[in-house]
Number of protein chains: 2
Amino acid sequence: MDRVDDILAQWHRERPDLDVAPMGLIGRINRLSHHLGRGMEKTFAAHGLTAASFDVLATLRRSGRPYSLSPGDLLGTMMITSGTLTNRIDQLEKAGLVERRQNPEDGRSVLIALTEKGFAVIDATVTAHVATQARLIEGLSKQDRVALDALLSRYLKVFESGTSEGKS
Amino acid sequence: MDRVDDILAQWHRERPDLDVAPMGLIGRINRLSHHLGRGMEKTFAAHGLTAASFDVLATLRRSGRPYSLSPGDLLGTMMITSGTLTNRIDQLEKAGLVERRQNPEDGRSVLIALTEKGFAVIDATVTAHVATQARLIEGLSKQDRVALDALLSRYLKVFESGTSEGKS
DNA sequence: CGCGATTATCTTGACGTCAAGATAGGCGCC
DNA sequence: GGCGCCTATCTTGACGTCAAGATAATCGCG
């Protein structure tokens with residue numbers, strides 16, 4: 001019995017004509033995402049980051065040497081718009097964690113690169129972050145984790161099929 | 001193979017010391033929440049609402065007659081802060097969908113009530129919303145839905161146990 | 001080789017959200 | 001009954017996000 005069950009029971013009483021089973025599943029995904037996000041924010045804040053800035057630094061870090069990608073490349077893996085990305089890069093550049101470099105091969109484009117400081121920050125943060133995630137998931141048995149992950153993966157494929165785009 | 005698999009593979013190459021299994025599960029929940037939210041926003045917008053305003057109206061509607069709750073009651077079922085709620089109510093009041101009434105039993109408190117117009121809007125919107133949700137979930141087999149919902153419910157209980165509060 | 005179409009990034013303006021603190025009404029001990 | 005404490009709601013200021021459009025550089029057809 002979670003909050004979603006209460007919500008569904010209320011709808012069933014008020015609008016018995018509606019099939020609210022999908023609402024339950026979608027509501028649970030949303031609420032879990034929210035709880036998990038709040039839990040992870042604290043770790044980011046402890047390292048001077050937000051979920052937004054962590055996202056950019058982590059994408060650059062895991063891309064491997066030379067830890068630099070164009071804004072367009074970053075957009076491809078992040079679920080945000082171009083304006084949002086510009087804003088994120090501005091903040092990180094101001095903080096000295098990334099720098100904008102000219103792209104020698106295309107004057108329209110730019111390369112966003114981790115600075116030395118940025119590398120140190122993201123490497124320390126991601127280590128703590130993984131520990132936080134492990135803690136956030138410890139309430140679920142090993143079996144449930146595997147089963148849940150498999151089902152989520154199958155569902156996510158509906159929106160992000162193969163290697164192409166993930167439009168909604 | 002979704003985007004999350006790509007991300008995990010990159011981390012495994014760059015930081016083989018980290019156990020990224022939790023990151024996969026949490027990342028999939030986040031991305032699904034995002035995709036689903038984007039899909040549902042369009043329905044809200046078609047009825048002049050946002051996810052935020054829908055949330056308030058729906059909570060009042062499903063609470064049953066007389067379709068009125070105090071801000072404190074609303075906060076109990078919504079995952080937002082009091083300042084955010086004040087802002088949402090201000091917008092809805094300006095749009096004529098809810099109204100603030102004095103609480104005869106407690107001068108500190110207020111009652112937020114659906115107006116006639118607000119009732120009509122939310123009733124029409126929720127009907128369309130349920131149809132949208134049914135569409136967003138149709139990529140998943142009936143069996144998978146049931147299994148996924150059961151696992152999500154078990155996981156959500158970690159954060160929202162019983163009838164008490166759901167702090168993170 | 002020049003100019004229109006395309007691509008890459010940034011700008012603008014409007015919202016939604018949060019944390020922290022301010023305001024204001026009620027409650028209870030003395 | 002008065003005064004300090006608690007509770008309910010609102011205010012403030014800083015961010016993050018989006019949609020739509022602006023700017024700037026490259027591409028490609030004639």
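Residue numbers begin at 1 in each chain, while the letters A, B, ... track the order of the sequences.
Closest to the side chain of B/T81, out of C/dA19, D/dT26, D/dT17, is C/dA19. For A/P71, whose side chain is taken as the heavy atoms from C-beta onward, the closest listed nucleotide among D/dC18, D/dT7, C/dT9 is C/dT9. With distances taken from any side-chain atom of B/S109 to the nucleotides C/dA19, C/dC10, D/dA8, the minimum falls on D/dA8. Proximity note for A/R38 (side chain, C-beta onward) versus C/dT17, C/dA19, C/dC10: the nearest is C/dA19. Considering only the side chain of A/T86, C/dC10 comes nearest among D/dC6, D/dT9, C/dC10.
Side chains of A/N30 and A/S33: a donor-acceptor N/O pair is absent below 3.5 angstrom, by distance only. A side-chain N or O of A/T127 and one of B/R15 form a donor-acceptor pair less than 3.5 Å apart.
A/S82 comes within 4.0 angstrom of a nucleotide base, judged by non-hydrogen atoms across all strands. If you check every strand for non-hydrogen atoms under 4.0 Å, A/G107 touches sugar and phosphate atoms only. A/I80 comes within contact range of the sugar-phosphate backbone alone, with a heavy-atom separation under 4.0 Å but no base atom that close. Base engagement by B/G83 is indicated by at least one non-hydrogen atom pair under 4.0 Å involving a base atom.
With rounding to whole Å, A/D90 atom CG is found 7 Å from C/dT11 atom P.
Counting heavy atoms from C-beta on, the side chains of A/I112 and A/V110 come closer than 4.5 Å.
Along DNA chain D, the nucleotide nearest to A/S53 and the one nearest to B/D73 differ in position, and the one closer to the 5' end is contacted by B/D73.
Within the structure, a side-chain polar atom (N or O) of B/R88 is placed less than 4.0 Å from OP1 or OP2 of C/dT17. Contact annotation: B/S70 side-chain N/O to D/dA8 OP1/OP2 distance is not under 4.0 Å.
Contacts of B/D19 classified as salt bridge (charged side-chain N to carboxylate O under 4.0 Å, His left out), with partners at least two apart in sequence or in another chain: none.
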